[in-house]
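Notes follow the structure.
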Amino acid sequence: MDDQDVLDKVSQAARQASAAGTVASYIPALARVDATAFGFAIAHAGTSEPVRGIGDWQVPFSIQSLSKVFALALVLAADGDALWQRVGKEPSGSPFNSLAQLERERGIPRNPFVNAGALVVTDRLQTLTGDASGALRDFLRAESGNPALDFDPRVAASERRHGHRNAALAHLLADHGKLANPVRTVLHHYVRQCSIAMTCQDLALATCLLARHGVRADASRLLTRSEAKRINAVMLVGGTYDAAGEFAHRVGLPAKSGVGGGIIAVVPGRCGLCAWGPALDGHGNSVAGITALDTFTTLTGWSVF
Ligand code: DON
């Protein structure tokens with residue numbers, strides 16, 4: 001089966017499934033997207049083959065928590081294993097914005113992909129760069145080859161107005177002495193990084209960083225092979241929150257979801273993938289995205305298992 005046959009079947013299955021979900025509305029600007037949109041892209045790592053995609057694969061959407069993977073990569077590249085003293089690497093088994101879990105575990109977030117963990121990563125990136133969200137945007141521009149991608153100020157403003165839970169998480173972290181920067185600064189950069197708009201094409205290309213075991217688009221090495229392995233491992237156990245077991249069971253790839261409806265996934269040594277469908281299930285994962293990736297790994301046999 002060639003890429004086009006696979007893409008056609010993936011799209012057919014995903015579009016049928018997406019009626020089951022609902023678009024995120026706790027960030028009101030996200031609720032304005034078309035619930036029936038669907039896109040999927042495959043970027044083959046280490047080849048000059050063009051990215052292939054289907055549906056709305058070149059329509060920008062809000063990357064939200066997908067940003068957490070790339071922020072983590074930048075911090076790991078600078079700090080190495082020291083980061084794991086501030087953030088765990090275990091599945092959360094709780095919603096991604098749980099306050100109770102952070103309080104119980106005395107300010108050490110379960111993993112870098114729950115919101116508390118991502119706030120700690122952003123705090124560290126801010127210390128390292130002086131402009132965490134700007135550094136992340138520039139990095140994503142380079143890895144996707146799209147110099148025009150940017151923040152969406154409307155989405156950022158909407159999240160800022162309704163971000164009480166993240167503010168509570170950040171204050172709780174500060175209370176435990178876990179933030180080096182002021183709460184306001186960390187929240188500002190976190191919200192901006194989540195508001196970046198990218199297409200499936202951009203994200204599949206950027207995800208090739210992990211498919212190439214830590215080598216950037218310009219062929220320079222950002223992460224050691226072990227660091228890239230660690231990010232993939234944490235994606236597998238925590239990239240889709242408290243549904244990571246179900247996702248691994250169905251798809252069998254390291255992946256990260258965002259409430260904008262995107263899911264990125266890594267086929268190590270082969271390709272970066274991105275699926276997008278705004279309608280989410282109860283865990284905050286794209287219904288169409290999961291079905292698309294499930295269909296993709298079933299048809300190609302490309303999973304890590
Ligand atoms: O902090 C938030 O709630 C959002 N900016 C991002 C959450 C997110 O994407 C979680 N994904 N499932």
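Residue numbers start at 1 and run along the sequence shown. Read the numbers this way: they start at 1 and go in the same order the structure lists the ligands and their atoms.
Between the side chain of S158 and the main chain of V155, no donor-acceptor pair closer than 3.5 Å is present.
Backbone and side-chain nitrogen or oxygen atoms of K256 are examined, and none is located within less than 3.5 angstrom of a nitrogen or oxygen of ligand 1. Residue-to-ligand polar distances place Q64 within reach of ligand 1: an N/O pair is separated by less than 3.5 Å. Where the criterion is an N or O separation shorter than 3.5 Å, residue side chain and backbone included, V259 meets it with respect to ligand 1.
When hydrogens are left out, the protein atom nearest atom 12 (N) of ligand 1 is Y241 CE1, 2.9 Å; that is the closest non-hydrogen contact. Nearest protein heavy-atom neighbour of atom 8 (C) of ligand 1: S65 OG, 2.4 Å. Of the protein's heavy atoms, Y26 OH, 2.5 Å lies nearest to atom 3 (O) of ligand 1.
A salt bridge does not link K178 with D123: every distance from a Lys NZ or Arg NE/NH1/NH2 to an Asp or Glu carboxylate oxygen is 4.0 Å or more. Electrostatic pairing of R141 and D202 does not count as a salt bridge here, judged by no charged N lying under 4.0 Å from a carboxylate O.
Open room surrounds CZ on R225; 12 or fewer heavy atoms of other groups in view lie less than 6.0 Å from it. No more than 12 heavy-atom neighbours from other residues, nucleotides or ligands sit within 6.0 angstrom of NE2 on H249.
For the residue pair S92/Q101, the side-chain donor-acceptor check at 3.5 Å is not satisfied.
Of the options Y190, F113, F96, the smallest heavy-atom separation from atom 1 (O) of ligand 1 is shown by Y190.
Proximity of N166 to ligand 1, defined as any heavy-atom pair under 4.0 Å, is confined to the side chain (atoms from C-beta onward).
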